[in-house]
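Letters A, B, ... mirror the listed sequences (proteins, then strands); counts begin at 1. Keep in mind the model is a prediction, meaning the values are calculated, not measured.
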Number of protein chains: 2
Amino acid sequence: MSTEKVTIADVAKTAGVSKGLVSFALNNRPGVGAETRVRILQIAQDLGWKPSLRARSLSTQRSYALGLVIARNPDVLASDPFFPSFIAGVESILAAERRALVLSVVPDEDTELQTYRSLVADGRVDGVFLSDLRHNDARIPLLTELGLPAVTLGRPDGDSPFPAVTVDDTPGITASVRHLAELGHSRIAHVAGSPDLLHGTRRREAFAAAMAAAGLPEGQTVETDFSVGAGSDATRRLLDQAIRPTAIVYANDPMAIAGLGVAHELGIRVPDDLSITGFDDIDFCRYVFPPLTTVSAAPAVWGRAAAQTLLRLMEHGSAEDVDLPAARLIIRGSTAPPRQV
Amino acid sequence: MSTEKVTIADVAKTAGVSKGLVSFALNNRPGVGAETRVRILQIAQDLGWKPSLRARSLSTQRSYALGLVIARNPDVLASDPFFPSFIAGVESILAAERRALVLSVVPDEDTELQTYRSLVADGRVDGVFLSDLRHNDARIPLLTELGLPAVTLGRPDGDSPFPAVTVDDTPGITASVRHLAELGHSRIAHVAGSPDLLHGTRRREAFAAAMAAAGLPEGQTVETDFSVGAGSDATRRLLDQAIRPTAIVYANDPMAIAGLGVAHELGIRVPDDLSITGFDDIDFCRYVFPPLTTVSAAPAVWGRAAAQTLLRLMEHGSAEDVDLPAARLIIRGSTAPPRQV
DNA sequence: TTAGTTAACTATACCGGTTTAGTTGACGAC
DNA sequence: GTCGTCAACTAAACCGGTATAGTTAACTAA
């Protein structure tokens with residue numbers, strides 16, 4: 001019933017010790033007698049004392065929160081289930097640690113950098129996740145300058161003082177191309193992601209390399225911004241040609257699904273006339289028709305690993321890179337041998 | 001260059017006044033001479049002083065952050081673009097207010113309630129958004145008990161002390177049914193959302209009412225959990241019947257898209273053999289084939305309005321309900337007159 | 001003239017923890 | 001017996017703001 005907030009002073013008084021000693025006992029540091037410590041903790045529990053996060057924040061200069069800043073085209077963000085799953089994974093770790101996640105969704109890169117600055121200035125977070133890595137990513141020097149611990153989702157292209165938690169997506173693309181090649185395809189096109197994003201170009205390079213490895217001619221590639229609309233446009237462009245590809249490897253699922261729509265619209269049958277592969281294995285893949293052959297990432301697992309790594313970094317001052325199992329090809333109904341070769 | 005953090009004491013000293021006066025000047029409260037106030041603010045700016053959020057938090061007992069707790073089946077969360085857009089809207093308001101958003105994604109309702117408790121116990125947030133309202137929602141009494149300001153997304157069914165920011169989705173469903181009826185459909189089914197969620201049953205009731213209003217026999221209704229998979233199953237069940245509906249009204253877009261997949265798979269042509277309508281107008285709708293007739297919500301606008309209302313509530317102690325423009329029917333290619341009536 | 005008000009401002013307690021600089025007493029070494 | 005050391009513990013400063021009680025000086029009213 002008594003809702004009066006109990007403070008460390010109350011605990012100290014009833015235990016007959018000083019505030020400082022209670023603090024020591026709580027954070028189990030040396031300098032407290034064994035039985036005294038037990039007694040203090042017992043009393044704290046009896047009184048229902050939980051140390052005030054705010055007070056602790058002020059004296060320790062930490063916030064006990066982690067940050068995630070997302071700078072994405074709203075369209076892309078909305079159709080991409082990566083973040084909800086990733087965040088769910090992050091939360092599953094944070095919840096147990098009594099830490100919170102501060103989320104910012106910003107419209108552009110300038111605002112993004114500004115947001116990191118103010119998160120630090122306000123001491124909102126003790127560390128951040130860096131997603132959607134870009135070439136020569138400006139966030140890395142910025143965070144280094146700000147002294148904010150971070151974890152990168154994937155390995156950045158330049159120097160980085162931060163641990164990276166990586167899911168190698170190259171094998172997935174390679175497997176997609178090999179799968180198509182084995183089915184007998186040779187005119188395989190690639191609807192790539194944004195050239196500004198590391199995973200956009202990496203998938204594109206993996207595609208080119210896999211085509212070469214399969215002994216196939218260089219495949220046509222169209223750049224996009226990863227959005228559903230761009231995927232649709234790119235597909236239309238590819239299929240409007242006199243000689244069109246018999247298979248298309250998409251850099252993500254939403255674009256692949258849009259591609260499926262375009263094919264339907266043009267009367268091109270999938271997989272008979274056109275094979276399609278996606279990337280990410282979003283929930284939709286299993287339920288569109290035909291079900292989409294794609295590459296499974298595991299955003300929630302990624303989130304957990306990233307959170308653990310970031311916490312470790314903040315605690316120990318350093319953390320090892322983590323390499324998660326590479327994304328795997330999942331073969332469903334959208335790929336088949338080509339009709340005419 | 002000098003990164004030494006400047007505090008209120010520094011400002012006070014250089015201005016030759018007391019800390020208290022600086023505080024008064026900053027929060028423009030009475031008791032400061034006009035020219036003194038200007039001078040203090042000028043000096044503060046010159047020194048580059050920004051009051052410490054942490055210190056301010058401790059003395060004002062506020063966190064200057066808002067909270068959003070999402071308790072959803074991970075599958076549903078991942079395929080539903082509502083939250084990313086909603087959050088983007090919220091952020092667009094918060095950014096200017098130097099407030100942050102604390103996000104929690106939890107697996108179930110118990111954890112959800114627990115999360116609210118700990119957000120309050122830790123003083124992480126000054127107010128929260130309540131989404132996905134349920135019947136007799138346990139969160140409302142809980143938040144009342146905790147004394148945490150909140151805004152509900154939609155009007156709850158019971159008593160609520162909180163302002164509601166509402167987008168009426170009934171007209172959208174009504175318009176969908178009317179549109180289908182006008183096209184000549186009479187066997188219209190409904191793939192409903194979760195019966196636990198208010199908007200699930202509301203859309204279902206709107207469907208039933210609209211059917212009656214159109215003078216049509218009661219339509220078949222299948223309950224789901226709003227997930228893509230459930231939408232697929234429900235559609236299969238509806239279409240596996242001897243006498244099947246000529247049109248299906250879905251409670252959300254992901255299920256409608258899954259339904260489209262099932263229809264394709266069964267060789268049922270949309271819209272010739274089956275008309276389909278969705279709800280939300282997610283980005284995919286325009287790009288699947290045929291493009292989906294759906295009802296446009298505006299999650300980002302909703303987010304902005306909700307944030308503004310919550311801020312107003314926290315500032316003035318009360319805020320008016322807000323009724324946003326009702327969702328509108330957007331007619332695309334997935335609806336057409338029925339083949340055989 | 002003098003008490004009463006009031007605006008402007010100061011000093012200081014306070015929010016609730018952490019941390020540092022002592023203080024005390026027991027024990028071992030010589 | 002005395003000094004040194006160490007573990008256990010206390011007192012008080014500190015984090016950086018806000019809020020309250022008090023102080024001045026000017027101004028008003030009787």
What is the distance, rounded to the nearest whole Å, between atom [atom1] of [X] and atom [atom2] of [N]?
| X | N | atom1 | atom2 | answer |
| --- | --- | --- | --- | --- |
| A:Tyr64 | C:dG17 | OH | P | 12 Å |
| A:Asn28 | D:dA8 | CG | P | 14 Å |
| B:Leu26 | D:dA19 | CG | C1' | 14 Å |
| A:Glu35 | D:dA8 | CD | P | 8 Å |
| B:Ile40 | C:dA8 | CD1 | P | 12 Å |
| B:Leu21 | C:dA7 | CG | P | 15 Å |
| B:Asp10 | D:dG16 | CG | C1' | 10 Å |
| A:Arg37 | D:dA8 | CZ | P | 9 Å |

State which of [options] makes the closest approach to the side chain of [X].
| X | options | value |
| --- | --- | --- |
| B:Pro51 | C:dG17, D:dG17, C:dC9 | D:dG17 |
| B:Ser59 | C:dC9, C:dG17, D:dT18 | D:dT18 |
| B:Arg56 | C:dG16, D:dC9, D:dG17 | D:dG17 |
| A:Lys5 | C:dT10, C:dG16, C:dT20 | C:dG16 |

Answer with base, sugar-phosphate or nothing: what part of the nucleic acid does [X] contact at a heavy-atom distance below 4.0 Å?
| X | answer |
| --- | --- |
| A:Val22 | nothing |
| A:Gly20 | base |
| B:Gly123 | nothing |

Discussion item. Under a 3.5 Å cutoff, is there a donor and acceptor pairing between the side chains of B:Ser57 and A:Arg54?
Written reply: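 There is no such pair between these side chains.
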Worksheet, complete the sentence: The residue, B:Thr60 or B:Phe24, whose nearest nucleotide of DNA chain C is more 5′ is B:Phe24
Is [X] close enough to [N] that one of its side-chain N or O atoms is under 4.0 Å from OP1 or OP2 there?
| X | N | result |
| --- | --- | --- |
| A:Arg29 | C:dT19 | yes |
| B:Trp49 | D:dG16 | no |
| A:Gln61 | D:dC14 | no |
| B:Ser23 | D:dT18 | yes |
| A:Ser18 | D:dT10 | yes |
| B:Arg54 | C:dC15 | no |
| B:Thr36 | C:dC9 | yes |

Worksheet item: Salt bridge or not for A:Arg56 and B:Asp122, using N-O below 4.0 Å?
Response: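 No, A:Arg56 and B:Asp122 are not salt-bridged.
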Worksheet item: Would you call A:Glu112 and A:Arg72 a salt bridge, using N to O less than 4.0 angstrom?
Response: no
Worksheet item: Considering only heavy atoms and no angle criterion, is a donor-acceptor pair shorter than 3.5 Å present between the side chain of B:Lys19 and the base of D:dG16?
Response: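 When only heavy-atom distances are counted, B:Lys19 does not reach the base of D:dG16 through any donor-acceptor pair under 3.5 Å.
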Fill in: Nearest heavy atoms of A:Leu66 and A:Val125, plus distance in Å
C-CG1, 3.6 Å
Worksheet item: If you round to the nearest 0.5 Å, how far is NE2 of B:His135 from CG of B:Leu198?
Response: 5.0 Å
Worksheet item: Yes or no on side chain to side chain contact (heavy atoms under 4.5 Å, CB included) for B:Leu103 and B:Phe83, after CA distance, side-chain angles and deciding distance?
Response: CA-CA 11 Å; B:Leu103 176 69; B:Phe83 280 110; over 6 Å; no
